[in-house]
Each structure stands twice: as structure tokens, then as C-alpha cells.
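Heads up: the structure comes next, in C-alpha cells.
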Amino acid sequence: MPAFGFDHSYARELPGASVAWQPTPAAAPRLLFFNDALADELGLDAAALRAGDAAALFSGNALPSDAQPIAQAYAGHQFGGFSPQLGDGRALLLGELIDRSGKRRDIAFKGSGRTPFSRGGDGKAAVGPMLREVLIGEAMHALRIPTTRALAVAATGEPVHRERPLPGAVLTRVAASHLRVGSFQFFAARGDLEALRRLLDYTIARHDPELIGAPDAPLALLRAVARRQAALIAMWMNAGFIHGVMNTDNMAISGETIDYGPCAFLEAYDPAAVFSSIDHGGRYAYGNQPAIARWNLARFAEALLPLVAKADDEPAVQRAVAQAMEVIDAFPAWYAAELLRGQRAKLGLAEGHGDEDAALAADWLALLHAQRADFTLAWRSLANAAEGDEQPLRALLAEPAAADAWLSRWRERCARDAFAPEARAASLRRANPWIIPRNQRVEEALAAATEGDLAPFEQLLAALRRPFDERPEAARYAEPAPADVTAGYQTFCGT
Ligand code: AMP
Ligand code: MG
């Protein structure tokens with residue numbers, strides 16, 4: 001296959017952090033999805049790729065001539081328990097491309113067969129979960145939330161064995177990098193400080209080049225990653241996104257959302273919402289995400305600690321602990337500021353009035369919770385309310401009059417704000433999506449695709465790519481699921 005123009009900086013600069021490995025050939029590959037816009041962004045010739053044997057390419061049967069596939073090593077805390085060796089058990093990094101805007105992007109397979117890190121797993125993936133990663137990733141991108149994205153999905157023509165046989169598939173994923181908290185934990189757990197230092201330098205060069213040569217570079221990286229996570233988790237919370245498996249190996253250093261397994265979006269607002277079938281304790285519940293992010297960052301800090309400390313005597317280590325703790329302790333305030341910034345936009349406010357706005361947003365959420373209101377549509381209905389029509393909001397509430405007090409406070413606050421009313425409604429419609437990936441629509445599309453019918457998937461994808469435009473023909477994608485469907489909804493991990 002023609003070359004992609006790959007570089008291989010990760011393999012070159014980080015010896016011992018990966019294993020060269022080949023994908024398992026697919027029996028009868030067929031292209032299910034190809035992302036023309038993303039290919040173009042990467043500087044690839046989308047038309048030529050489509051015209052060639054894209055199925056062979058994106059199933060791993062015929063790689064670009066300059067691909068040098070590797071399985072990356074990493075460790076991680078999964079549901080709080082540490083595994084010193086996880087690694088790419090069913091993924092391979094093919095190489096890196098410099099995209100049209102000059103950014104380095106990883107191109108990686110997921111579901112391409114067993115690797116030395118597969119442990120008991122089969123290294124495979126099924127069509128449904130890989131198309132799910134397409135749908136949610138593209139939806140997040142359209143919602144302007146940093147995310148890895150899908151370039152292609154190819155069916156392998158072979159079954160994978162889960163509770164029942166399912167059609168297999170390989171996803172080609174594009175990421176700012178696949179560096180994770182768990183990448184650092186891998187070397188820290190082995191006490192390999194030389195490799196840890198190299199990983200630090202590599203990460204800084206790739207994601208935070210302004211820190212090259214900084215005197216407190218490890219601490220500065222911790223701070224930069226914590227700030228990115230504060231911004232990311234705030235965006236998740238303001239979109240009603242539940243990642244579902246925020247293990248430290250699934251927290252990207254880049255600040256992108258990564259690994260769409262058991263993720264879901266809120267329907268009715270409920271901080272305790274959890275959909276993952278294996279999350280019995282609600283560790284990764286919607287409302288727990290900021291606290292878990294902080295917990296994961298504390299694990300990142302621990303991994304970096306030997307580099308933060310200027311010496312290995314007790315006072316130096318104590319000083320490093322205190323410095324790292326300062327960053328971890330600052331996280332809740334950074335998160336709160338990011339959350340409020342997003343909430344202010346979602347409330348249609350141009351100016352900031354700190355505590356007052358935070359209270360207004362908190363009381364709004366309390367109202368939605370008490371009234372079991374649909375999270376997405378309730379926010380969206382503020383645009384109508386800004387135009388004088390409160391009916392769409394009231395129709396979402398169990399008791400329509402419950403909104404009276406809050407609405408008059410909001411109006412009073414808006415009256416003191418710089419926005420003209422028309423500008424406010426338009427701004428509200430840019431901040432509050434009309435369409436999010438509704439769980440029942442996603443399931444419906446994936447079930448059809450698993451049976452060989454891609455039309456519902458394609459229609460849903462088209463709807464998700466325009467989340468802010470209200471249009472009658474897309475109404476079925478904006479509808480909440482019936483409450484009993486949501487109450488029984490479960491998502492599955494590692495599938
Ligand atoms: P995830 O929860 O998808 O982030 O995966 C956690 C770990 O399990 C990673 O090391 C994966 O590579 C590995 N893994 C997940 N599914 C499989 C599979 N089917 N075969 C082999 N390894 C897997
Ligand atoms: Mg993962």
C-alpha cells in the first residue's frame with residue numbers, strides 16, 4: 001500500500017515502551033465507515049483511499065508501506081486497583097502524521113488481534129462497539145469537546161465471541177497521542193527513572209513544548225495536565241456525558257476524551273446516573289467524575305514524584321510531595337471555574353458575576369433534578385425562554401410551576417447583562433445542543449449495523465454532526481428516551 005508519510009517518534013524515542021507487532025489478517029474485510037473530513041485534515045487523499053482497497057488497508061491486511069505497528073506498554077488503576085502491566089491488548093499504533101495544522105496525530109488500530117499485552121483477551125473488537133466509538137467520538141467533536149476520532153471502521157468478516165458470536169471489526173483511531181496517566185505509571189512502578197525521564201521529555205516536547213527546559217518541568221507538566229482535565233471534565237459535565245470507565249489508563253495526557261466503552265449521555269438529570277453494567281459502586285457515576293479526575297491526577301502525581309523531587313533524601317521527597325499536593329488541591333477550584341464558564345454560556349450570560357452565577361446554575365440543576373427534567377432539552381429550552389416562550393421548558397417538568405421562582409431570578413440576572421435578547425437566544429442555541437447521542441438511538445443504530453444494515457447508523461451520524469441546528473427532519477434524534485427505557489439502560493465495557 002502507498003506510504004502515509006508516517007513518523008515513528010514514540011518508538012524511536014522511547015525504547016522499552018512498546019513492542020513491534022503485526023495485526024492479525026482479516027478473512028473477508030469490508031469497509032463500514034470512512035471519515036473523509038478527518039482524512040483531509042490529516043493531509044491524506046480521501047478520494048484515493050476510497051478508490052483503493054480501503055477494506056484491506058483499514059482491516060490491517062495491507063498496511064501503508066511506512067507503517068511500523070507497535071503495541072504500547074502502559075499500566076493503570078482499574079476501578080481503583082493497580083495493574084502494573086496492561087498495554088495495548090487489542091490495539092496497535094501504526095505511526096504518527098503531522099496534520100494540516102502542523103499537529104502530530106497518532107493513527108492506531110483497535111481490534112486488530114492479539115498482542116503480547118492481551119492477557120486472557122482475544123485482541124478483537126465487534127462491529128457494534130467500534131461503530132459506537134465512531135458515533136460518540138464524532139458527536140463529541142461536533143459538541144466541541146476534545147476527543148480522539150475515528151478515521152475508519154472495517155468489518156473483518158469473522159465472528160468475535162462474546163455472550164454470543166458478533167461480527168468483528170477494526171477501528172482506525174486518530175489521537176493527539178495515546179500517552180496516558182498509565183504510561184507514566186508503567187515506568188514508575190518499575191522504578192525505571194531513566195525511562196520515566198525520557199517519557200517526561202517526550203511528553204513535554206509533544207504536548208507542552210513551552211515547558212522544554214523549565215526548571216520545574218515535571219511539576220509544570222502535572223499542572224498543565226490537571227488544567228486540561230479540569231477543562232475537559234467540565235465540558236463533559238456541561239454536556240451530560242458519562243465516560244463510564246475513567247481508569248488511569250483511560251485518562252489521556254493530551255486532554256482528549258479517549259476510549260468510548262460503556263459511555264452514555266444523561267437523559268433526565270441525575271448526578272447519581274450510572275449506566276455501566278460493571279460499575280456496581282457507582283465509582284464512575286456522572287456526578288463523581290470531577291472527584292475521580294482528581295484521584296487519577298493524584299496517581300499521575302505519584303508517578304511523577306521521583307522526577308519532581310530534586311534529590312532522593314527525605315526532605316527533598318517531602319518537598320516534592322507538598323508541591324504535587326498543591327497542584328492536586330488546586331484542581332477542584334480549576335474545575336469549578338471551568339464548569340462555571342461553561343454554565344454561564346449555557347445560561348446565556350455575557351458577563352460574569354461569580355458566586356451569584358454559580359448559585360443560579362446550581363439551583364437550576366437542583367430544579368432539573370427535582371423535576372426529573374431532560375438535561376439536554378431543558379438547557380436548550382432556555383433559548384425559547386429568552387424569546388419569551390417558557391412553554392418548552394415547563395413541558396419538561398413534572399410540575400410546570402416549579403420553574404417560576406428560578407425563571408424570575410434568571411430574568412432579573414439577564415436584565416443586568418450586556419446581551420440584547422436576540423443575541424442571547426442565538427448564543428444559547430450555540431451553547432446548548434439540541435441533539436446529543438440518545439442512548440436508545442445509538443443502540444438501535446448499532447443493533448441494525450450488527451445485522452448488516454448501516455442506514456440507521458449513517459442517519460444518526462449525520463444528525464449528530466449538527467447538534468446545534470434545530471430542524472424538523474431530525475426531530476426523532478432529539479427526543480428523550482421514555483423514562484423506563486433509561487431506568488433499565490446498561491452499557492458494557494471492553495466489548
Ligand atoms: P479498556 O477498558 O478498553 O480501556 O481496556 C483495558 C485493558 O484491557 C487494555 O489493556 C486493553 O488493551 C485490554 N483489552 C480490552 N479488551 C481486550 C480484548 N478483547 N483482548 C485483549 N485485550 C483487551
Ligand atoms: Mg483503554
Side-chain angles (χ1 to χ4, degrees), residues 4-18 38 41-43 68 70 72-74 93-108 141 144-149 173-188 192-235 248 251-258 293 296-297 299-301 303-310 320 323-324 326-328 330-331 334 338:
F4 264 27
F6 281 133
D7 188 29
H8 303 280
S9 69
Y10 181 94
R12 186 172 60 240
E13 294 176 32
L14 299 171
S18 61
L38 181 57
E41 203 176 301
L42 293 169
Q68 289 176 20
I70 55 167
Q72 292 181 313
Y74 53 85
L93 175 62
L94 301 184
E96 304 136 20
L97 289 178
I98 308 300
D99 73 12
R100 282 183 190 276
S101 67
K103 283 190 308 204
R104 183 176 293 266
R105 314 273 289 267
D106 277 5
I107 315 296
H141 179 70
R144 304 186 288 261
I145 299 176
T147 179
T148 67
R149 293 180 69 191
R173 178 158 81 183
V174 178
S177 83
H178 284 81
L179 298 165
R180 327 139 185 268
V181 169
S183 312
F184 287 80
Q185 291 181 292
F186 179 83
F187 291 119
D192 187 345
L193 295 196
E194 205 183 305
L196 192 63
R197 163 72 61 186
R198 269 199 304 268
L199 179 60
L200 175 84
D201 292 344
Y202 178 83
T203 303
I204 286 177
R206 189 154 175 184
H207 292 298
D208 297 281
E210 68 286 356
L211 301 181
I212 295 172
D216 279 318
L219 199 61
L221 179 69
L222 174 63
R223 197 176 294 117
V225 171
R227 284 206 178 267
R228 282 197 282 272
Q229 286 298 325
L232 179 67
I233 307 297
M235 286 188 253
T248 58
M251 183 182 263
I253 299 301
S254 65
E256 286 183 340
T257 311
I258 193 166
N296 287 349
L297 289 165
R299 305 291 79 76
F300 185 41
L304 289 172
L305 213 54
L307 305 180
V308 175
K310 298 261 191 296
Q323 287 175 311
E326 215 171 284
V327 177
I328 302 305
F331 177 80
W334 293 337
E338 292 287 348

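Comment: Asp208 engages Arg228 in a salt bridge, judged by a side-chain N to carboxylate O separation of less than 4.0 angstrom. Look at Arg206 and Asp106 and you find a salt bridge, because one of the NZ, NE, NH1 or NH2 atoms lies within 4.0 Å of a carboxylate O, short of that distance.
Of all heavy-atom pairs spanning Pro306 and Leu196, the tightest one is CG-CD2, 4.2 Å. Among all heavy-atom pairs drawn from Thr148 and Arg173, the shortest one is OG1-CD, 3.7 Å. Heavy atoms only, all atoms of each residue included: Ile145 and Met235 are closest at CD1-O, 3.9 Å. In terms of heavy-atom proximity, Ile233 sits nearest to Ala293 at CG1-CB, 3.8 Å. When all heavy atoms of Ile328 and Ala301 are compared, the pair lying nearest together is CD1-CB, 4.1 Å. Smallest separation of non-hydrogen atoms from Gly16 and Phe186: O-CE2, 4.1 Å.
A 4.5 Å side-chain heavy-atom check between Phe300 and Thr248 finds every atom pair outside the cut-off. The shortest side-chain heavy-atom distance between Asp7 and Ile98 does not fall under the 4.5 Å cut-off. For the pair Ile258/His178, a side-chain contact is recorded, criterion being any heavy-atom separation below 4.5 Å from C-beta on. Inter-residue side-chain proximity for Phe184 and Leu221 is flagged as met; some heavy-atom pair is nearer than 4.5 Å. The shortest side-chain heavy-atom distance between Ser183 and Ile253 does not fall under the 4.5 Å cut-off.
Counting only distance, with no hydrogens or angles, the side chain of Gln72 and the backbone of Ala11 share no donor-acceptor pair below 3.5 Å. A donor-acceptor distance shorter than 3.5 angstrom exists from the side chain of Glu256 to the backbone of Ala176, with no hydrogens or angles considered. Judged by distance alone, the side chain of Asp216 and the main-chain N or O of Leu219 form no donor-acceptor pair under 3.5 Å. Here the side chain of Thr257 pairs a donor or acceptor atom with the backbone of Pro146 at under 3.5 angstrom.
Atom CZ of Arg12 and atom CD of Glu96 lie 7.5 Å apart (nearest 0.5 Å). Between atom CZ of residue Phe187 and atom CZ of residue Arg198 there is a gap of 7.5 Å, rounded to the nearest 0.5 Å. Atom CZ of Arg105 sits about 10.0 Å away from atom OG of Ser254, to the nearest 0.5 Å. Distance CG/Leu42 to CZ/Phe4: 8.5 Å, rounded to 0.5 Å. Note: Phe6 CZ to Ile107 CD1 = 5.5 Å, rounded to the nearest 0.5 Å. From Thr203, atom OG1 reaches atom CD of Glu13 across 10.5 Å, with rounding to the nearest 0.5 Å.
The salt bridge (charged side-chain N to carboxylate O under 4.0 Å, His left out) test with Glu41 singles out one residue from Lys103, Arg100, Arg149, and that residue is Arg149.
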Would Arg227 and Val327 count as a side chain to side chain contact (heavy atoms under 4.5 Å, CB included) if you check the C-alpha gap in whole Å, the side-chain angles of each, and the deciding distance to 0.1 Å?
CA-CA 9 Å; Arg227 284 206 178 267; Val327 177; over 6 Å; no
Tell me, with the steps shown, if Val174 and Leu97 meet side chain to side chain contact (heavy atoms under 4.5 Å, CB included).
CA-CA 10 Å; Val174 178; Leu97 289 178; over 6 Å; no
Let me see the working for Tyr10 and Arg104 under side chain to side chain contact (heavy atoms under 4.5 Å, CB included), right down to the final yes or no.
CA-CA 11 Å; Tyr10 181 94; Arg104 183 176 293 266; over 6 Å; no
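Heavy-atom neighbours of Glu194 CD from other residues, nucleotides or ligands within 6.0 Å: at or below the threshold of 12.
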